[in-house]
Each structure stands twice: as structure tokens, then as C-alpha cells.
Amino acid sequence: METNETFPRIISVDDHTVEPPAVWQDRLPKKYLDIGPRIVRAPLKEMTFLGGRFKPVMGTPGSDDGPVGDWWVYEDLHRPLTRLDTAVGFDRDEIKLEVITYEQMRVGSYDVPARLADMDVNHVQSAVCFPTFPRFCGQTFTEAADHELGLLCVRAYNDWMVEEWCGPEAQGRLIPLTLIPLWDAELAAEEVRRNAARGVRAVAFSEIPPYLGLPSVHTDAWDPFLAACDETGTVIAMHIGSSSRMPSTSEDAPPAVGSTITFANCCFSMVDWLMSGKFERFPNLKVMYAEGQIGWIPYILERADVVWEENRGWGGVADKVHRPPSELFADHVYGCFFDDAFGLRNLDAIGLGNVLYETDYPHSDSTWPKSREVGEAQMGHLDADVVERIVRRNAIDLLGLTEDGLWAGGTR
């Protein structure tokens, strides 16, 4: 690699937005404003994060029940903003599981001009942003009691994402990622097509739907949604934790255990897809695994090929998976990483065309503001054209961006 002045401008396929307080209050019908998502400032009474489960308890607003933070309140749900939602700019040892207010977070978490400025600091040109309050695939609205309201919330979020977060002020540098009503595959298909018509090329989905009480990808239940993605060239983006269950080993395992094995759900999910037959039924389908890293992929592909070759007769896949899983991976699956030196040393076993770069802003794992330096250190052994593919070109091709790496819908 040459000096850092020549390191390509990064296209991050996994950053996050913290939704401004008025996203739903500005868009829902008046009759839903008192039960739809809204911000309430209140104390934290109690909060635990063990065994992969996050359990906060809100105190009475105005009381001295505990430290004060801003909470999303929706139907019976109370979900606080936490330091882990927006940790950039703070010393690593100061990042704790604590409630915060909007005033206590970095402005770039929720404000477009400030986000663009923070991207400039980090050598990032463009970014795909996953949600915060809806959670990584909108499961907040799926779990709610009123699905009529939930559908309105999904559409309101998508309208905000396309028209404001990725609107003219973003100059094409913020790339839209939309949600679907997970509880209805036909409605999901409609929402995919609605957003594809305005240039959206990525939709969030759960890594392991049965963890959310939904059908698996081995059924036909998702076919209307998958057909819509196949027809419109919409990429299915699955973030770690999008099944509402982070990997862990026991109810009392500390968060460090789950943090170390966060890739595990991506691993399980990828094998699901490779053995589902969906990639042969929907040949244009593409899926990506945000924040899953890539170093684990070579062995899984090797093992999947062995199982397919030697055990498919009794393994339940002979009639629907007609190609080696590693070939299906090469044509349909993308791994995303921000810090994986091991994976980069084994790039030939993964596939240069199947790797995307990310910065995870503003989360605690984020490499901001040194994503370029991390990339240079870990990609120093690679040729410049290879680095260009990883850091930019693959994302441009996958997401249908302009040659300059911008979202075309935001540059009109």
C-alpha cells in the first residue's frame, strides 16, 4: 500500500442513525400520537444486560428514581437511549451501559450536516445506516400489539429515511436502508416495491426470523418478499442482533462473552440461506451480513461443501440445493467487516468480490475517527486495486451507486 493520501474514500455499509425525536410524531395520524413512538425524559430505575438480553426499567418522569435519560415510549414499550447507541468521541474506558439524553450524544448521531462532517473526519464518503429505536430490522413494530399502527410506523420510518436522512441535504452520501412489516410477507413485498420505485436498493431483515417468532427461510412464507427483492435488485441486509437475541452461553454470561462471538448468528444464518434453495429459486437475490466480520467464512464454506457433497441424500437438501454452497455464496452473499486482519489474510478463501467495508459509527465498536488508519494497517499487504474493491467498488456494484460512490436518488 502507498501512503494514506491514496487510501480510497470509504463506503461504509454499516453505520447507524439515532432517530430524531419527531420522526413518528411528525408523520403519524393524530389519533396515534399518544401511543406511537415518542420521546419521554425519565429516570432509569434498573437495567441489566446478561445472557444477551437487555432489560431496562423506566422510572416515573420527574422523580428521583435514578439517572435521567431520554426514552422511546411506544404502546407499552419503554426503551432508553444508551451510551452504547452513540459512543464515538468518548474514551473506551468511559463507555458503559448507561442511559443518556440527546444532549449527551454526539450530534452526528442524529443530525445530517454533523454526520457528514464526522464522515469527512473519518475518510468516509458514503454510508448505509441501520436504525436504532426500530432495532436492526424493525422488530420493534413487529412485536407491537397494533399492526395497523405498526405498518404506519414502518412507512413513516422509510419516508423519513428516504426524504430526510438521505434527502437533498445528504448530497447522495447517505444511502437508504428501509424496513418492512415482518409480520406479513405480502405487505413486505409492497413496501420493497414502493421504496425501490424511489431508488432504494437495500432492506433490513432478520438474521434468524424464528427467534422473532416468524417463519424460517426454509419455508415458502417469505417468497412474496423474496420475489420483490429479486425483481427490484433490493439487497437483503442482516445486522448482528437482528434476531433480538445476541449469541451467548448462559443467562449469567457477561456481555463480553456475547461481544466476542457476535458473528455466530451470521454464521448460523448464512448456512440457513445456503441450504434453503432460495438462491436457486430467486437467482438475483443478494444478502449481506453487517458487522459479522469475515474471518469465520472459509471454514463454514468448506464444511458446507463437504456436507452437501457427502450427506445431501439424507440431509434434506438434495432436491433444492443443486450447486455447492461455496458457489452459491460467491454469487449471492457478502460479508461485512471493520476490523478483521485474519479475514483479510485469507481473502482468497472468501472471495474478493464478496467483502464489504464498514465503520459502525456511532457504536462502541466503531473505528471512527481512525477507520482509514485501521484499513491501512490491515490491508497493507494488498494491492491497490484489491483495496479499492473492498473499500469502495464492491459496495458501488452491489448497491447500484454512481461511479462516484453516491446514492443516485439523493443527487437528483
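Everything quoted here is computed from the prediction, not taken from an experiment.
- No salt bridge links D331 with K286; every basic N to acidic carboxylate O contact stays at or beyond 4.0 Å.
- The shortest non-hydrogen separation linking L33 to R38 is O-CD, 3.7 Å.
- Interatomic distance, R155 CZ to L187 CG, rounded to the nearest 0.5 Å: 6.5 Å.
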Can you check salt bridge (Lys or Arg N to Asp or Glu O under 4.0 Å) on R198 and E163, steps first, answer last? CA-CA 10 Å; R198 46 185 177 175; E163 298 165 7; 3.3 Å; yes

Before giving the answer on side chain to side chain contact (heavy atoms under 4.5 Å, CB included), spell out for F263 and F337 the whole-Å C-alpha distance, their side-chain angles and the decisive distance to 0.1 Å. CA-CA 10 Å; F263 72 91; F337 78 99; over 6 Å; no

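- Each of L182, L226, V287 was evaluated against F205; a single residue qualifies, L182, per the side chain to side chain contact (heavy atoms under 4.5 Å, CB included) test.
- No donor-acceptor pair closer than 3.5 Å links the side chain of D404 to the backbone N or O of L406.
- Taking the ring axis of F7 as reference, the NZ or CZ atom of R372 does not stay both within 45° of it and closer than 6.0 Å to the ring centre.
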Given salt bridge (Lys or Arg N to Asp or Glu O under 4.0 Å), test K370 with E376 step by step and report yes or no. CA-CA 10 Å; K370 297 183 177 181; E376 288 171 338; over 6 Å; no

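- With no hydrogens or angles considered, a side-chain donor-acceptor pair links Y361 and D118 at under 3.5 Å.
- Within the 3.5 Å criterion, the main-chain N or O of T359 finds a donor-acceptor partner in the side chain of S366.
- One N or O on the side chain of S276 and one on the backbone of W273 form a donor-acceptor pair closer than 3.5 Å.
- Partners of N354 under the side-chain hydrogen bond (donor to acceptor under 3.5 Å, both in side chains) rule, at least two apart in sequence or in another chain, do not exist in this structure.
- Taking the six-membered ring wherever Trp is involved, the centroid distance between the rings of H16 and F136 falls below 6.0 Å.
- No donor-acceptor contact under 3.5 angstrom links the side chains of T232 and R193, judged on distance only.
- The residue from R173, R392, R9 that alone fulfils the side-chain hydrogen bond (donor to acceptor under 3.5 Å, both in side chains) condition with Q125 is R392.
- Taking the six-membered ring for Trp and the full ring otherwise, Y357 and F338 have centroids separated by 6.0 Å or more.
- Proximity of T132 to E19: side-chain heavy atoms (C-beta onward) are separated by under 4.5 Å at one or more points.
- Using a 30° and 60° split on the angle between ring planes, H332 and F279 fall in the parallel class, below 30°.
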Apply ring-ring contact (aromatic ring centres under 6.0 Å, His included) to Y334 and Y289, showing your working. CA-CA 6 Å; Y334 294 78; Y289 287 99; over 10 Å; no

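- A donor-acceptor contact under 3.5 angstrom links the side chains of D15 and S12, judged on distance only.
- Cation-pi check for R79 over Y74 is not met; the charged atom does not lie both under 6.0 angstrom from the ring centroid and within 45 degrees of its normal.
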